[in-house]
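The structure under discussion appears below in the form of structure tokens.
Atoms within a ligand are numbered from 1 in the order they appear, just like the ligands themselves. A quick note: this is a predicted structure, and the numbers were derived from the prediction, not measured.
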Amino acid sequence: MKRTDSLEIRCLDDAKEISLVAAEEFLQSYLAAREAGSRFRVALSGGSTPRLLHKVLCAAPYPDKITWREIDFFFGDERTVAPSHKDSNYRMAYDTLFGELEVDRAQIHRMRAEETELDAAARSYEGGLAATFGVSGCESGGPTPHFDLILLGIGSDGHTASLFPGTSALGEDERWVVANCVPQLDCSRMTFTYPLINAAKKVVFMISGEGKRSALEGILEGAEADTPYPARRISPSNGELLFLIDRAAGAGLTLDPPNPGGN
Ligand code: 6PG
């Protein structure tokens, strides 16, 4: 493996095992925040992979181990659709997680990406971040919030959150949350930026399926200079980076030593 950052890669059997390990990571990060006497702040990933994780978290033993009211839920990105739309990341999280838990609406920080003034909505989301983390806002040069945990996936093009290849958000080095025009999807998105993601205490990627194989090789083993994969630049400056990958996604990697079973 060529990548030299301090990161951990766990090769697991399938998406189900990824969700089981991710749930344990969620619990450990939650317990660490509680041990430190603070609320647990987590950013959920969109897409379909997290559905399994959410299902695991709703089932024993997690409801007995986690006090859900101690958590502030954020989103790493959102599509420019209504929260009730089938493509909404919020809708997916509500249907698979929030609807099963005893949480107040105030704990769920939804990105209002359906608003026509998308950048204003992104700035408003930054304001909510500043208030939750007790820091002054991004615009007044406040310290970047440090999430306890940020969950991410990747697309077959190597995007993560809504940081897509060739888009303007890739060059954002100050803002925490931005509106991002994604021409290849003929839409815009709201997304966390590299400064916010790389300030996290822990980032966990959940990557499953053959379709991610090529991008994953580029992310973990490609030369940084020429890689077109945005997820390659996720590298928490003072945090942990964990890749949970299944055999189908990781088949092309030259892991040494191989790490079967994720132990
Ligand atoms: C989104 C996600 C996106 C996702 C990847 C993987 O809004 O779509 O934030 O970055 O994590 O596209 O999606 P799957 O889990 O569906 O493969």
The single option from Ile207, Leu244, Ile245 passing side chain to side chain contact (heavy atoms under 4.5 Å, CB included) against Leu12: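 Considering Ile207, Leu244, Ile245, a side chain to side chain contact (heavy atoms under 4.5 Å, CB included) with Leu12 is found only for Leu244.
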Check: Asn180/Ser168 side-chain N/O donor and acceptor closer than 3.5 Å: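 Yes - a donor-acceptor pair under 3.5 Å links their side chains.
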Specify the protein heavy atom at minimum distance from [atom]: its residue, its atom name, and the distance to 0.1 Å.
| atom | value |
| --- | --- |
| atom 13 (O) of ligand 1 | Gly47 CA, 3.9 Å |
| atom 10 (O) of ligand 1 | Ala161 O, 2.7 Å |
| atom 6 (C) of ligand 1 | Ile154 O, 3.2 Å |
| atom 5 (C) of ligand 1 | His159 NE2, 3.5 Å |
| atom 17 (O) of ligand 1 | Lys212 NZ, 2.7 Å |
| atom 4 (C) of ligand 1 | Gly46 O, 4.0 Å |

[X] touching ligand 1 at heavy-atom level, < 4.0 angstrom:
| X | result |
| --- | --- |
| Gly76 | no |
| Glu78 | no |
| Arg79 | yes |

Regarding ligand 1, does Thr160 bring an N or O atom to under 3.5 Å of one of the ligand's N or O atoms? no
Short N or O distance, Thr49 and ligand 1, threshold 3.5 Å exclusive: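 Min N/O separation from ligand 1 is below 3.5 Å for Thr49.
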Would you say Leu53 and Ile66 are hydrophobically clustered, going by side-chain heavy atoms of ILVMFWY under 4.5 Å?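 Linked within one cluster.
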Taking NZ, NE, NH1 and NH2 as the nitrogens, is one of them in [X] or [Y] under 4.0 Å from a carboxylate oxygen of the other?
| X | Y | answer |
| --- | --- | --- |
| Arg10 | Glu8 | yes |
| Asp148 | Arg41 | no |
| Lys202 | Glu25 | yes |

Counting only heavy atoms closer than 4.0 Å, does ligand 1 sit against the backbone of [X], its side chain, both, or neither?
| X | result |
| --- | --- |
| Leu152 | neither |
| Met206 | neither |
| Asp77 | side chain |

At their closest point, which heavy atom of His146 faces which heavy atom of Phe133, and how far apart are they?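 So the two residues come closest at O-CE2, 3.4 Å.
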Nearest non-hydrogen partners of Asp13 and Asp246, listed with the distance: O-CB, 3.8 Å
Around atom CD of Glu24, are there more than 12 heavy atoms from other residues, nucleotides or ligands closer than 6.0 Å? yes
Taking only heavy atoms of Ser45 into account, list the atoms of ligand 1 that are under 4.0 Å away from them. 11 (O)
Geometric class of the His159/Phe164 ring pair [parallel <30°, tilted 30-60°, perpendicular >60°]: parallel
